[in-house]
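For reference, the structure is listed below as structure tokens.
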Amino acid sequence: MTERHWMGVADATRAFAARTLSPVELLQSLLDRIAKLDPVLNVFITLDAEAAMDQARAAEAEIAAGRIRGPLHGVPMGVKDIIDVAGLRTTGHSRVLIDNVATADAVCVARLRQAGAIMLGKVATHEFAIGGPSFDLPWPPARNPWNPDFHPGGSSSGSGSGVAAGLFPAALGTDTGGSVRNPASACGIVGLKPTYGLVSRRGVFPLSYTLDHVGPMTRTVADNALLLDCLAGHDPADPASQPTPRTNYAAQLERGVRGLRIGFVRHFHERDVPASPEVAAGLEHAARVLEAEGAEIRTVTLPSLSEFAAVNRVLLCSEAWAVHAPWLRERPEQYGELSRRRLMPGAFMAAGDYVQAQRRRLQMIAEVEDAFREVDVLFCASSMDTACRIEDPETVARTYSRQARTPFNVTGHPALAMFAGLSKEGLPLSLQFAGRNFGEATLFRVARAWERAAGTASRHPPIG
Amino acid sequence: MDHEMMLGLARAAGLDRALELFPDDVAAAAKQASGNIAGFKAPVDPRAEPWPPMRPGSGAGTSL
């Protein structure tokens, strides 16, 4: 039988329905594990144990009475601390917002609650989703459960570490340049950046308006699809939100990849930013597995990673400067060093630079759309390296840009990063799939085929 | 970007306090900005539009 802390969202709700486990029992097991592991992993900024237990008791009574509120009823979740949860602080992991208490739930949190989820607390991030991992902030950085000496990736670092460590079965993260997919890659879980406009950003502290996405982080592809079912939907108060038809994202999960055309973007990791040999071998292995499962693998060429990254950074820095300029002028000392260095570049960019980046962006979108006329899904690297040592600032800085996630923030296409096996050092390898706009169902189908063939869902960190 | 230009832009942006307290961070930010701007090919076709485009009537449903 699966240990309670490794139960996924769907496992837990099935056990609740079968009366073999109650929400209170699950939550108590997770709180015991948090008490044991969080002093090492630094996942939580605010643990709301009492309120979570009240919600678990209520869920237990409702489920016993046959009143199921939704597909997440009674399941605890972690929330990145730039996302509002009513009554709790949204600190952004920063001294700047240390006393900022949210008065309402973000729309994404409200939607999870509507489906019955329990908000367990607020979890670590890089400061304002950009400045980290840092040791000069009010809370320490989260650590990687595969080896706490290593970085869990960021900026949704607490979400990734907590899900991988079995502190909660799912979490919310945000992704502006790869911040859901980076910790998913480093911690060996599943992280989705949905299509731009599919999930409301209202109630999420902005980093960059035209690049920000909210996404689910889970240990299995099926759980990720389940969360997206609850999160997706038009929000008229989010100007980027798109009206989309109701979709059952899990409907195609078990259909396999036979007949699908998968475009392998090899130049990302072979030429643009050469990956470590283990990462490159892992990608080739995954391509062979998907081909053996019946997919047709084609090589696809897109603009270079360095150009995607430059466009991403001009947009991100310009928009982030618009958000942070007043505080950076008045109280720069309240930010960590990495945040200051990553937020101030916008002060040195001209309006024309920003417009040129947006114009180049439209061309890049067109180039990726062209690729999707020839293939159904794109396949490429996520991180070019496994996680690095967290207390080695030079390696952290060197590996920071060695990734292939920013292209899909620039273009808005959905992208999912997940576990691809273990390195010789015992750290997760990763891969990434990207889909057509609002094509998450196909993306999950391919990801599930890989997960099933490779058996990745049953691998957990040797901790606790 | 030379040092004088960096100082001028930083002051024009109101970063006097940051210049006083964290001059290395301001210089690093300026260097990063230059690299990013030079890192992509600006479209030469005048008809190349930016994304996202202006969309009439697509504003937020609530005013902030």
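On a predicted model such as this, the values are computed, not experimentally measured, just so you know. Atoms considered below: every heavy atom in the structure, side chains included; atoms not considered: hydrogens, waters and symmetry mates. Residue numbers begin at 1 in each chain, while the letters A, B, ... track the order of the sequences.
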Option in [options] with maximal non-hydrogen atom pairs under 4.5 Å from chain A:
| options | answer |
| --- | --- |
| A30(B), G35(B), A28(B), A18(B) | A30(B) |
| G39(B), A38(B), A27(B) | G39(B) |
| L9(B), V26(B), L21(B) | V26(B) |

Salt-bridge criterion met for [X] and [Y] (N-O under 4.0 Å):
| X | Y | result |
| --- | --- | --- |
| R202(A) | D238(A) | no |
| K41(B) | E307(A) | yes |
| D25(B) | R341(A) | yes |

Please state whether the side chain, the backbone, both or neither of [X] comes within less than 4.5 Å of a heavy atom of chain B.
| X | result |
| --- | --- |
| I365(A) | side chain |
| A357(A) | both |
| T210(A) | both |
| Y196(A) | side chain |

If we define contacts as heavy-atom pairs under 4.5 Å, which of [options] has the most with chain B?
| options | value |
| --- | --- |
| M349(A), E333(A), E337(A) | E333(A) |
| L315(A), L338(A), L328(A), V314(A) | V314(A) |
| R342(A), Q356(A), R329(A) | R329(A) |

* **Check: F308(A) ring centroid to F40(B) ring centroid under 6.0 Å** => no
* Asked: For D16(B), is it the side chain, the backbone, both or neither that has a heavy atom under 4.5 Å from a heavy atom of chain A?
  -> neither
* Asked: Per the side chain to side chain contact (heavy atoms under 4.5 Å, CB included) rule, which among E4(B), M5(B), H3(B) passes with M1(B)?
  -> M5(B)
* Asked: With Q363(A), which of R359(A), R360(A), R361(A) fulfils side chain to side chain donor-acceptor pair (under 3.5 Å)?
  -> R360(A)
* Asked: Cationic tip of R340(A) within the cone over F22(B)'s six-membered ring, i.e. under 6.0 Å and within 45° of the normal?
  -> yes
* Below 4.5 Å, heavy atoms only, C-beta onward: do V204(A) and D212(A) meet side chain to side chain? -> no
